[in-house]
Protein chains: 2
Amino acid sequence: MYPNLEAHIASFVKLQPAGLEILRASLKATDLRKKELLFREGEICRADYFVDKGCLRMFFIDDKGTERTTQFAIENWWMADYISLERQTASGFSLQAVEATRVLALERNACEKLLTAVPALERYFRIIRQRAYAASQVRMKYIYDFSGEEMYRHFSRSYPGFIQRVPQYMVASFLGMTPEYLSEIRKRTGR
Amino acid sequence: MYPNLEAHIASFVKLQPAGLEILRASLKATDLRKKELLFREGEICRADYFVDKGCLRMFFIDDKGTERTTQFAIENWWMADYISLERQTASGFSLQAVEATRVLALERNACEKLLTAVPALERYFRIIRQRAYAASQVRMKYIYDFSGEEMYRHFSRSYPGFIQRVPQYMVASFLGMTPEYLSEIRKRTGR
DNA sequence: CGGTCTCTTGACGGAGTTCAAAGCTAGTGG
DNA sequence: CCACTAGCTTTGAACTCCGTCAAGAGACCG
């Protein structure tokens with residue numbers, strides 16, 4: 001039914017057929033066109049989204065009206081504003097498809113019920129969240145440690161090909177710099 | 001036995017007496033003096049640490065030899081380098097007591113066994129990790145959005161009193177600036 | 001009290017931003 | 001399938017925030 005997600009879960013915990021059924025019933029598959037939004041700044045994040053195919057980004061608009069991309073999510077990543085999702089309060093972010101994207105949405109109430117019915121998934125999400133947090137610890141270190149140029153070099157080495165998938169101004173805002181400056185760096189470092 | 005941690009867990013999940021016993025047996029309480037290290041950059045993070053009393057910080061040394069503080073943890077927070085902990089590889093961080101601190105250490109193997117024996121704790125840690133991750137999403141937003149001066153104002157409003165607990169150069173490095181510049185900001189904004 | 005750690009001050013420099021304008025590219029409709 | 005347009009990228013000059021360096025003033029601990 002959802003081979004990518006099911007394989008992903010299976011690599012962490014073993015589900016009973018009954019559990020798998022409940023999981024499938026808890027999800028809603030949605031296809032998004034390029035630039036389509038799952039929710040907008042000020043709205044509530046209603047689900048945790050698994051990227052089945054494609055790419056999502058999280059961003060907000062700063063006081064000067066510029067978009068600032070804080071995260072990307074590609075295949076096999078979950079993405080949500082977890083504060084907005086937990087408390088059902090207005091989100092400070094927007095969630096958008098960077099390209100044509102298929103997501104599996106696990107809505108808040110469905111998630112609660114799912115975890116009660118299939119406790120083995122608590123373990124799956126515990127591990128997933130721990131890894132996401134670990135990744136953000138490392139990323140924080142890069143932000144503290146690297147200059148703009150080092151950030152770009154690190155990023156383009158770690159995710160070669162991803163650069164082609166995303167417009168450069170989004171990469172720039174993700175790296176915490178202006179598109180103009182990224183352009184200058186790319187000229188210096190030879191694309 | 002460990003009233004702070006046990007109350008903290010109880011606010012999320014209900015443990016059976018037997019589970020509580022196993023939990024207690026899995027922990028090691030350690031008292032640290034000011035500046036004492038739990039592990040050093042290049043060593044392995046062997047446990048997840050719960051701050052029972054006091055304050056920890058995570059930091060690394062940048063290429064110029066300057067300490068950069070990436071996180072603080074106070075009472076009722078867990079702290080670890082989760083990549084080093086999961087893979088048992090060398091950590092890119094050091095973990096240090098900012099003041100006299102009492103931690104409860106949950107070592108990696110003990111943690112594995114504990115979670116197998118008491119699956120209800122998977123839920124506790126899933127929620128805790130999700131909140132930690134949510135906090136890092138918000139923090140990331142501040143980092144993208146705020147100037148140095150705004151970061152300081154936000155920080156000193158959000159955690160009044162914490163400033164007094166921690167030397168200023170650690171606050172500066174946490175805010176991503178030099179002590180000299182923080183000093184200048186404090187002069188401008190009236191302490 | 002003496003020495004080390006911490007905080008402050010000020011002059012200077014550089015990484016990165018801002019603004020404006022021109023060149024490209026890709027998607028869209030005819 | 002081409003032409004047009006809107007959006008993306010590049011360039012360059014002026015500017016600014018913040019880091020660097022160096023030196024002095026406190027403050028804390030033995």
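Small disclaimer: the values here were computed from a predicted structure and weren't measured. All heavy atoms count here, side chains included; hydrogens, waters and symmetry mates do not.
- For the pair R186(A) CZ and dT9(D) P, the computed distance is 9 Å after rounding to whole Å.
- In this structure, K64(B) reaches the dT20(D) phosphate: one of its side-chain N or O atoms is under 4.0 Å from OP1 or OP2.
- Close to dT8(C), at under 4.0 Å from its OP1 or OP2, lies no side-chain N or O of K187(B).
- Rounded to a whole Å, the CZ atom of R165(A) is 18 Å from the P atom of dC8(D).
- Nucleotide dG19(D) holds its P atom 18 Å from the OH atom of Y169(B), rounded to whole Å.
- Counting heavy-atom neighbours within 6.0 Å of R87(B) CZ, excluding the residue itself, gives a total of 12 or less.
- The CZ-P distance, from R188(B) to dT9(C), rounds to 12 Å in whole Å.
- In the hydrophobic clustering of ILVMFWY residues, with side-chain heavy atoms under 4.5 Å counting as a link, Y144(A) and Y142(B) come out together.
- For dA15(C), neither phosphate oxygen OP1 nor OP2 lies less than 4.0 angstrom from any side-chain nitrogen or oxygen of S147(A).
- As rounded to whole Å, 7 Å separates atom C1' of dT9(D) from atom CD of Q168(A).
- The side-chain heavy atoms of S173(A) and F59(A), taken from C-beta on, include no pair separated by under 4.5 Å.
- Distances were taken from every side-chain heavy atom of M177(A) (C-beta onward) to each of dT9(C), dG19(D), dT17(C); the shortest belongs to dT17(C).
- Nearer to the 5' terminus of DNA chain C, by closest-nucleotide assignment, is the contact made by G148(A) (compared with the other of E180(A) and G148(A)).
- Distance, Y144(A) OH to dC18(D) C1': 16 Å, rounded to whole Å.
- Between K34(A) and dG7(D) there is no side-chain N or O to OP1 or OP2 distance below 4.0 Å.
- Candidate nucleotides dT9(D), dT9(C), dT20(D) were compared by shortest atom distance to the side chain of P167(A), and dT9(D) ranks first.
- Taking atom CG of L182(A) as the reference point, atom C1' of dT10(D) lies 11 Å away to the nearest angstrom.
- Rounded to the nearest 0.5 angstrom, R57(A) CZ and Q71(A) CD are separated by 12.5 Å.
- If you check every strand for non-hydrogen atoms under 4.0 Å, Y181(A) touches a base.
- The side chain to side chain contact (heavy atoms under 4.5 Å, CB included) test with L106(A) is passed by exactly one of Y49(A), F125(A), F50(A): F125(A).
- In this structure, CD of E67(B) is placed 12 Å from C1' of dC5(C), rounded to the nearest angstrom.
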